[in-house]
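A quick write-up on the structure given underneath.
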Number of protein chains: 4
Amino acid sequence: MADTEARIRAAAIRLWAERGFHGSGIRELAEAAGVSSATLYHYMGTKEDLLAAIMRDGLLRLLELARAAVKPAQGTEERLSALVQLHVLTHAVRPEQTRVVDWEMRSLSTEHAAEIVALRDEYELLWQEAIDEGCRSGLFRPAHPRVARLALLEMCNGVAHWYTPDGPLTLEELALRHTEMALALLGVAVPVGVDVVRRCRDLITLMWTD
Amino acid sequence: MADTEARIRAAAIRLWAERGFHGSGIRELAEAAGVSSATLYHYMGTKEDLLAAIMRDGLLRLLELARAAVKPAQGTEERLSALVQLHVLTHAVRPEQTRVVDWEMRSLSTEHAAEIVALRDEYELLWQEAIDEGCRSGLFRPAHPRVARLALLEMCNGVAHWYTPDGPLTLEELALRHTEMALALLGVAVPVGVDVVRRCRDLITLMWTD
Amino acid sequence: MADTEARIRAAAIRLWAERGFHGSGIRELAEAAGVSSATLYHYMGTKEDLLAAIMRDGLLRLLELARAAVKPAQGTEERLSALVQLHVLTHAVRPEQTRVVDWEMRSLSTEHAAEIVALRDEYELLWQEAIDEGCRSGLFRPAHPRVARLALLEMCNGVAHWYTPDGPLTLEELALRHTEMALALLGVAVPVGVDVVRRCRDLITLMWTD
Amino acid sequence: MADTEARIRAAAIRLWAERGFHGSGIRELAEAAGVSSATLYHYMGTKEDLLAAIMRDGLLRLLELARAAVKPAQGTEERLSALVQLHVLTHAVRPEQTRVVDWEMRSLSTEHAAEIVALRDEYELLWQEAIDEGCRSGLFRPAHPRVARLALLEMCNGVAHWYTPDGPLTLEELALRHTEMALALLGVAVPVGVDVVRRCRDLITLMWTD
DNA sequence: TATGAATGAGATTTCATTCAT
DNA sequence: TATGAATGAAATCTCATTCAT
């Protein structure tokens, strides 16, 4: 079977999101993936190698999407909105993988950690640049830009914690509410415009077709 | 030694904050506490009992302080400000314990989880009430109050993640910036008043003498 | 039980002499020692730690006896005879431990190897000194002293290979024949004297009472 | 590739000489031979089959050469000299294979062991016959012929242990010194004759062209 | 001829826990 | 109050081997 690797990866994400990397063993993983524990090692290298691969994938994908969302010359407000929506939607649509990415950094040994931390820093830099740009243009007025970035990211990470598609909140509402809150937090009082809504819908479509 | 129990608890908090509950064994714990692993069981019951005790303590303390901060008849703004400051300062001053409280809920088995989750819910209710009250009074205008509460809590939890007293930010700045961001997020554009600053200083004193 | 450690060590020596260090697992060892495999780790550290301990012990004992045998001012012939007899008798009386010492050096990782190799070198130096001294005095006439030392040691090591106390050869005969062969190999044609025989008997008594 | 089998065999000899049969796995073997581990099984049958084949080859070759060296009607001294030189040179020129032959007998299961042990016994019989013949003729005077044979063989086996062609000793010196020591050990005090030296040189040429 | 996929059994080691002292 | 001894169960990972392709 060629999809064995995919099954293993999916099972690992599910288990580790739920019980943590150290909280679930290789045998559970094998059973969840429907293979023997020896077969696991055919595909994953070490348990930790698999963790690193999962985190790397998640971060690379996020980074790629974020760069695409930020690249085109656009207004400061749209730029930050795009980052917020992308982040929030990713965390809502793939909560398990993002939980692993966000919470299992400490389970990496130093060799793997270096690479993964670098990717995360690269991603967060896009946020910082968007915020700084907004400050320069006078649109954003946070008392402390770096603290604002950290606060925003933590706030948006939280979505993977609590959001469930079965609840009363649609993905669009979720993303728009976070966009509003983020802008408000940065000192922008205006309600989100119609183009932001349209862009958000495009993003949701993109996430599901991808 | 009468402080053996305290040493054990401190060691557990340190270890579990750093490596996670499942990521560190009781032998490490014993060594870190300077006792034999058998002695551990004199004090802690099960490993999980100790985890529950640590979480219970942290939550009870937070709850008690939060109730004290919220009880006196006071304005909506001060009420929320007090909660934010208390939460942020607790997470800044005791990052290890709060990390354990915030992140190790999934490591509890169902028996313990019920009690701890109830405490957390009780605490979060204080936030929801403060927010709802602000909405009723017209001061807060979040598009979705429950989402706002979740966003605020995640944002404030994050402090335990990244704040370090060695950095450029004083505790007071940290707390005030978060107060401002929280109010802004809820639609209040006013800068924090002098009484909020005073109250914040009192709180910082309280945290250190306690 | 205080002798658990002794039982473990004895079992390890027996197993590793017979099947090799890598040829027998920890479970066999546990069963042979009459404990659980977890208990093993209470005493031995790592499997390799136990190997190093066994080798260290064997070499230290041999070294101590060799120094005692060589120290007193005595003739060149007696000095070498003492070394040969000590070595041969040790290999005959404790064939299993000596086989482990002689053959499992390659199973040690570099950290352990350094210490053990140093001990072995120290021991072999006593032989080299005895041979060189005999060459200086003109009693020994090997064409190549270093080769002679290596040849002698290999010859005497072999005893652990093939000697069995159930066979037709007594310990005394074994030791005396090897003394003769060693001296002959070094160019001394005289038969062993009565004092060498006496000394050999003393040594045999010593080995058994120790 | 037709030399795949040769590569596998060479890799096995190298690995097993260095780390032992049980000390190296078939994955290492596959990698060292440059094939997949599945391909191994095309050529070697079982891992143990390969070990038996390697030992069989080594012993058959030694036996054949020894018979050729001993057959022609010749003097007792030359006969033993030829055996010593052949043995020593083989162990010096092919140390890895001889180490495997000499040290991995215990890794054979009983089925294979019977055949291999028989070959070894056949070879050692040639030595015993040469020694006994020398005793009958009065040239050799060992106190115990069987012990002498064992001592000689162990001494000569040792060469595979310590000899290195990079050292100060040429192959010719190595072989001649051992011839002298062997004869001395058997009670023959005469230095080796010029014909023995000539024969030794022939043998060295033979070993390298073969 | 060669290999990737797969595995049951077993490797060494650590787990949380108990208990007699 | 404190611990060394002990363990069943489970941890991660490797073993030699088979088989369809």
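Below, chains carry the letters A, B, ... as their sequence lines are ordered, and counting in each starts from 1.
Remark on DNA chain F: of its neighbouring residues Leu40(C) and Gly45(A), the 5'-side contact belongs to Leu40(C), judged by nearest-heavy-atom nucleotide. Nearer the 5' end of DNA chain F, as judged by each residue's closest nucleotide, is the contact made by Val35(C), out of Val35(C) and Glu28(A). If Met44(C) and Gly34(A) are placed on DNA chain E by their nearest nucleotide, the residue sitting closer to the 5' end is Gly34(A).
Checking the phosphate oxygens (OP1, OP2) of dA2(E), a side-chain nitrogen or oxygen of Tyr43(D) falls inside 4.0 Å. Listed pair Ser36(B) / dT3(F) meets the phosphate criterion, a side-chain N or O lying under 4.0 Å from OP1 or OP2. Taking only side-chain nitrogens and oxygens, His42(A) never comes nearer than 4.0 Å to OP1 or OP2 of dA6(E). Proximity of Arg27(A) to the phosphate of dT12(F): no side-chain N or O atom is located under 4.0 Å from OP1 or OP2. Within the structure, every side-chain polar atom (N or O) of Thr39(C) is placed at least 4.0 Å from both OP1 and OP2 of dA5(F).
Distance Leu29(A) CG to dA10(F) C1': 15 Å, rounded to the nearest Å. What separates CZ of Arg19(B) from P of dC15(E) is a distance of 11 Å, to the nearest Å. To the nearest angstrom, P of dC15(F) lies 13 Å from CZ of Phe21(D). Atom CH2 of Trp16(B) is separated from atom C1' of dA16(E) by 12 Å (rounded to the nearest Å). The interatomic distance linking Glu31(C) (CD) with dG10(E) (C1') rounds to 14 Å, in whole Å. Between the P atom of dA2(E) and the CD atom of Glu5(D) lies a distance of 11 Å, rounded to the nearest Å. Atom-to-atom, CG of Asp3(A) to C1' of dG4(E) comes out at 15 Å; the value is rounded to the nearest Å. The distance from atom NE2 of His22(C) to atom C1' of dA16(F) is 17 Å, rounded to the nearest whole Å.
Considering all non-hydrogen atoms of both residues, Ile116(A) and Arg56(A) come closest at CD1-N, 3.9 Å. When all heavy atoms are compared, the tightest approach of Tyr41(B) to Met44(B) is CZ-CE, 3.7 Å.
Applying the side chain to side chain donor-acceptor pair (under 3.5 Å) rule to pairs touching residues 26-35 of chain B yields Arg19(B)-Glu28(B), sequence neighbours excluded.
Of all nucleotides listed (dC15(E), dT7(E), dA6(E)), dT7(E) comes nearest to the side chain of Ala38(A). Listed candidates were dA16(E), dA5(E), dA16(F). Nearest to the side chain of Ile26(B) is dA16(E). Set against dT18(F), dA16(E), dT14(E), the side chain of Tyr41(D) has dT18(F) as its closest nucleotide. You'll find that the side chain of Ser37(B) is closest to dT17(E), out of dA2(F), dC15(E), dT17(E). Considering only the side chain of Thr46(D), dT17(F) comes nearest among dT12(F), dT17(F), dA6(E).
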Using a 3.5 Å cut-off and no angle test, enumerate the donor-acceptor pairs between side-chain atoms of residues 45-54 of chain A and protein atoms at least two apart in sequence or in another chain.
from     : atom 1 : to        : atom 2 : distance (Å)
Thr46(A) : OG1    : Asp49(A)  : OD2    : 3.3
Lys47(A) : NZ     : Phe21(A)  : O      : 2.9
Lys47(A) : NZ     : Ser24(A)  : O      : 3.2
Glu48(A) : OE1    : Ser109(A) : OG     : 3.1
Glu48(A) : OE2    : Ser109(A) : N      : 2.8
Glu48(A) : OE2    : Ser109(A) : OG     : 2.8
Glu48(A) : OE2    : His112(A) : ND1    : 2.9
Asp49(A) : OD1    : His112(A) : NE2    : 3.2
Asp49(A) : OD2    : Thr46(A)  : N      : 3.0

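Separating the CD1 atom in Ile8(C) from the CG atom in Leu29(C) is a distance of 7.0 Å, to the nearest 0.5 Å. To the nearest 0.5 angstrom, Arg7(B) atom CZ is 4.5 Å from Thr4(B) atom OG1.
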Both atom distances under 3.5 Å, Watson-Crick or G-U wobble: I'd like the secondary structure of DNA chain F as a dot-bracket string, with | for pairs made across strands.
.||||||||||||||||||||

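The backbone N or O of Ala160(B) lies less than 3.5 Å from a partner atom in the side chain of Arg99(B), making a donor-acceptor pair. Of the possible donor and acceptor atoms, one in the side chain of Thr98(C) sits under 3.5 Å from a partner among the backbone N and O of Arg94(C).
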